[in-house]
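Side chains included, hydrogens not; waters and symmetry mates left out as well; all remaining heavy atoms used. Below, read A as the first sequence line, B as the second, and so on, with proteins coming before strands; counting in each chain starts at 1.
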Number of protein chains: 4
Amino acid sequence: MAGIGTASGPRAAAIFDAARELLAERGHDGLTIEAVARAAGVNKTTIYRWWPSKPALVRATVLHARALDISVPDTGSLRGDLVALVEQVTGLLTGPHAEPVVRALAGASGQPELAELTRELFAGGFAREQPVFERARARGELPATDPQLLVDLVAGAVRVRVLLRRQPLPDRFAADVVDAVLHSARYPGEGE
Amino acid sequence: MAGIGTASGPRAAAIFDAARELLAERGHDGLTIEAVARAAGVNKTTIYRWWPSKPALVRATVLHARALDISVPDTGSLRGDLVALVEQVTGLLTGPHAEPVVRALAGASGQPELAELTRELFAGGFAREQPVFERARARGELPATDPQLLVDLVAGAVRVRVLLRRQPLPDRFAADVVDAVLHSARYPGEGE
Amino acid sequence: MAGIGTASGPRAAAIFDAARELLAERGHDGLTIEAVARAAGVNKTTIYRWWPSKPALVRATVLHARALDISVPDTGSLRGDLVALVEQVTGLLTGPHAEPVVRALAGASGQPELAELTRELFAGGFAREQPVFERARARGELPATDPQLLVDLVAGAVRVRVLLRRQPLPDRFAADVVDAVLHSARYPGEGE
Amino acid sequence: MAGIGTASGPRAAAIFDAARELLAERGHDGLTIEAVARAAGVNKTTIYRWWPSKPALVRATVLHARALDISVPDTGSLRGDLVALVEQVTGLLTGPHAEPVVRALAGASGQPELAELTRELFAGGFAREQPVFERARARGELPATDPQLLVDLVAGAVRVRVLLRRQPLPDRFAADVVDAVLHSARYPGEGE
DNA sequence: TAGTAACCGAGACGGTACGTCACGTCTTATC
DNA sequence: GATAAGACGTGACGTACCGTCTCGGTTACTA
């Protein structure tokens with residue numbers, strides 16, 4: 001997106017690569033500037049020339065890696081779209097790249113730079129999913145629940161499962177989660 | 001609970017207090033052993049005698065502070081119980097104490113000690129809520145959804161809202177979330 | 001003098017000014033190439049184009065500023081000439097410009113360039129004072145002491161007083177020093 | 001002397017040795033804290049624990065090494081004592097140890113710590129030589145010249161010769177200098 | 001008048017040293 | 001037996017200069 005706001009020198013690519021890899025392999029605490037410099041074959045001062053602090057580098061790296069990008073699906077049904085969405089979230093958080101990033105963002109306590117980035121990436125997020133619900137409304141299958149809340153419910157379940165429960169996700173988790181929100185909230189006996 | 005797993009000397013109280021406060025005020029990164037020692041009026045070596053590392057101290061502190069404890073409500077209805085539960089989660093994450101703790105736990109990447117603690121606190125969590133659902137079943141109001149998943153949905157929405165969206169929670173958020181899962185998944189026209 | 005040995009571009013004046021000022025105000029250690037560039041409103045590379053190193057720049061600056069120049073007096077007597085000479089040395093070392101220069105030169109340990117410059121400025125120095133002694137010889141007032149040594153004695157006393165004792169010079173110091181060397185070495189009772 | 005004011009840890013000896021050697025071999029600019037640490041087989045932080053800055057370390061090193069110490073001679077005559085004194089100064093400045101120290105002290109421009117040390121070592125110096133002149137007075141051979149000034153003259157000549165002229169000292173320099181101040185100021189024809 | 005050389009600014013870089021902070025370990029008192 | 005006190009090696013922080021390089025743009029002379 002416009003506004004990455006990263007002036008970046010010629011060596012930027014190598015630095016981003018190194019930073020991304022370190023973040024993935026050793027987590028946010030293992031991402032030291034000096035380690036990035038070593039891994040990128042670059043001098044420490046070169047990094048500081050471009051990013052004034054570790055949060056700034058992390059921010060730029062995350063934005064550059066687009067590690068959290070999601071493509072909005074169009075499957076023809078609300079349920080299908082939601083399942084596809086949740087599967088993407090699941091896939092990201094299960095794969096090796098995005099999880100450390102999300103942990104770093106969720107865990108950032110005293111770094112305004114990362115807090116702001118987190119907000120940008122997650123709070124504005126609903127704009128992305130909006131088309132799904134517009135198509136659903138056009139098809140007349142929109143549930144009464146506020147769409148934003150609906151996304152929070154399904155995505156939240158996945159994220160909490162990974163970030164806090166730290167438990168493996170069952171194969172059908174995405175579908176289960178979506179169905180739970182769309183259908184199964186009906187009480188037994190209401191018919192199915 | 002049993003299994004804090006830490007012998008604790010006489011100075012433990014002061015150390016826990018200092019650690020809890022630092023964690024709350026300065027976040028996980030501001031919680032340095034030396035800062036805790038200073039704040040507790042205790043020598044650094046004393047801390048290392050009891051807790052071999054920073055994660056160990058954090059773990060003990062979190063367990064000792066019971067910062068994440070929740071009391072299981074009994075309001076007479078499933079909806080009431082769930083709303084009460086979510087309100088407690090909301091209250092915790094909104095207050096000044098629990099949020100940094102949860103961030104620290106969610107953000108822990110390379111510390112097995114904290115990962116394990118996180119699992120203990122969140123994965124085993126459903127045992128706590130089980131009575132709510134047993135009472136609901138007794139009353140015949142149990143929805144088809146897997147109770148565990150149901151809790152993940154509502155709690156996940158709250159936690160993601162705080163940890164990742166970093167947005168304020170509306171007043172009626174708890175009720176909205178619960179209602180979304182219990183009722184509003186019905187399609188419009190099904191009646192309410 | 002011929003032999004500044006430095007081609008000098010148009011910006012040389014500004015650079016010399018800045019260097020001289022920095023040397024005077026912040027001493028030899030405060031004279032960084034980058035500071036000179038900033039103060040002279042000139043790019044760092046421009047300085048490096050003309051002077052390959054800091055000692056080279058210092059050397060050129062000192063030569064250009066003529067900070068240590070002395071005019072040979074002719075007062076009609078050896079004593080008068082010597083007093084005038086010493087007063088000039090005193091004046092220089094008391095003023096703000098020359099002292100840091102002399103300190104830089106005296107303190108230069110590992111820079112052959114500055115060592116050489118020091119030799120040029122101080123070792124060849126006697127050539128300057130020679131006329132004083134030739135006139136004195138013509139007047140028949142030349143003492144037995146080697147003139148060069150005589151100059152070293154009086155100038156040395158002043159310089160040591162400033163550089164090493166770091167004490168203020170009394171008003172009549174120049175005259176006292178000269179008289180000490182010319183007269184007072186006689187033992188008391190020898191008459192005057 | 002009392003008042004070195006140097007709290008010093010167990011590793012102090014190795015550090016002083018390394019610092020002294022580096023100062024002697026590479027001059028004041030070659031004396032970096034990290035180089036001292038390397039040479040002393042000690043960690044950088046250990047040095048900073050004890051001496052807050054480079055000047056402080058230099059100061060302590062110089063005081064500890066007693067590189068400038070002089071023993072007051074008693075040869076039975078003022079001339080003999082003075083010659084012995086000057087020979088000591090000469091010997092020091094000619095040897096490998098003291099010269100870089102004196103250069104460092106003379107060259108110190110912006111370091112109050114070293115300026116103060118210089119004053120301590122050189123300004124208070126006359127107290128050391130005083131016995132020489134008291135004995136001379138007792139023997140009735142005290143010249144009219146202020147003793148302090150006399151010392152400044154002879155020592156100044158030597159020091160300037162080394163520090164600024166940077167020329168080798170002739171063998172008989174000490175005697176010549178002393179004689180110049182004691183005797184040869186007489187005009188030719190006065191006899192010898 | 002066109003071209004070329006001298007000069008300069010700008011930007012980027014690897015590198016060394018600075019002085020600081022926290023880590024985790026160890027030894028030696030002291031209560 | 002628990003603690004304080006002190007010292008240490010280690011790694012990383014973020015900063016300042018160093019000296020080098022490349023590139024592109026002006027002047028200003030000169031052919």
Interatomic distance where [atom1] belongs to [X] and [atom2] belongs to [N] [whole Å]:
X	N	atom1	atom2	value
I47(A)	dA12(E)	CD1	P	15 Å
Q111(A)	dC13(F)	CD	C1'	14 Å
I15(A)	dG14(E)	CD1	C1'	12 Å
W50(A)	dC13(E)	CH2	P	6 Å
K54(B)	dC23(E)	NZ	P	6 Å
R38(C)	dA16(F)	CZ	C1'	9 Å

Return the 5'-most residue of the pair G41(D), G41(B) with respect to DNA chain F, ranking by each residue's nearest nucleotide.
->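 This one resolves to G41(B).
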Exercise: identify the closest heavy-atom pair between L105(C) and R166(D) |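 Heavy atoms of L105(C) and R166(D) come nearest at O-NH2, 2.8 Å.
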Pairwise distance [atom1]([X]) to [atom2]([Y]) - rounded to 0.5 angstrom:
X	Y	atom1	atom2	result
R66(A)	L121(A)	CZ	CG	10.5 Å
L23(A)	R26(A)	CG	CZ	11.5 Å
F122(B)	L117(B)	CZ	CG	8.5 Å
I33(A)	T46(A)	CD1	OG1	11.5 Å
Y48(C)	K54(C)	OH	NZ	9.5 Å

Check whether any side-chain N or O of T46(A) sits under 4.0 Å from OP1 or OP2 of dG14(E), and answer yes or no.
->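 For dG14(E), OP1 or OP2 has a side-chain N or O of T46(A) closer than 4.0 Å.
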Any side-chain N or O of W51(A) under 4.0 Å from OP1/OP2 of dG14(F)?
->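 Checking W51(A) against dG14(F): no side-chain N or O falls below 4.0 Å of OP1 or OP2.
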Look at the side chain of K44(C) and the base of dG9(E), then say whether one donor and one acceptor between them are separated by less than 3.5 Å.
->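 A donor-acceptor contact between them is absent.
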Which listed nucleotide (dA4(F), dC18(E), dA12(E)) is nearest to the side chain of Y48(D)?
->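 From the listed options, dC18(E) comes nearest.
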Selection: residues 20-36 of chain D, any non-hydrogen atom under 4.0 Å of DNA chain E =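 Hits under 4.0 Å, by residue number: T32(D), I33(D), E34(D).
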Can you run down the salt bridge (Lys or Arg N to Asp or Glu O under 4.0 Å) pairs that involve residues 102-112 of chain B, sequence neighbours left out, and say none if there aren't any?
->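 Every pair satisfying salt bridge (Lys or Arg N to Asp or Glu O under 4.0 Å) with a residue in residues 102-112 of chain B: E99(B)-R103(B).
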State which residue, out of L63(A), L57(A), V62(A), fulfils the side chain to side chain contact (heavy atoms under 4.5 Å, CB included) condition with R59(A).
->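 The residue from L63(A), L57(A), V62(A) that satisfies side chain to side chain contact (heavy atoms under 4.5 Å, CB included) with R59(A) turns out to be L63(A).
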What side chain to side chain donor-acceptor pair (under 3.5 Å) pairs are there with at least one residue in residues 27-41 of chain B, not counting sequence neighbours?
->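 Non-adjacent pairs meeting side chain to side chain donor-acceptor pair (under 3.5 Å): E34(B)-K44(B).
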Listing time: all N or O pairs from protein to nucleotides 25-28 of chain F that are below 3.5 Å?
none

Find which nucleotide of DNA chain E each of V42(A) and P55(B) is nearest to by heavy atoms, and output the residue with the more 5' nucleotide.
->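 Closest to the 5' end, via its nearest nucleotide, is V42(A).
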Specify the residue among R49(D) and N43(A) whose closest nucleotide of DNA chain E lies further upstream toward the 5′ end.
->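 Looking at the nearest nucleotide for each, N43(A) comes out on the 5' side.
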Please tell me if the side chains of R49(D) and T45(D) come closer than 4.5 Å, counting only heavy atoms from C-beta onward.
->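 R49(D) vs T45(D): side chains touch.
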Between W51(A) and I15(A), is any pair of side-chain heavy atoms under 4.5 Å apart?
->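 Side chain of W51(A) against side chain of I15(A), heavy atoms only: contact under 4.5 Å found.
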Distances under 3.5 Å only, N/O to N/O: pair up the protein atoms with those of nucleotides 27-30 of chain E.
none

N/O donor-acceptor pairs under 3.5 Å from side chains in residues 107-114 of chain A, not counting sequence neighbours:
none

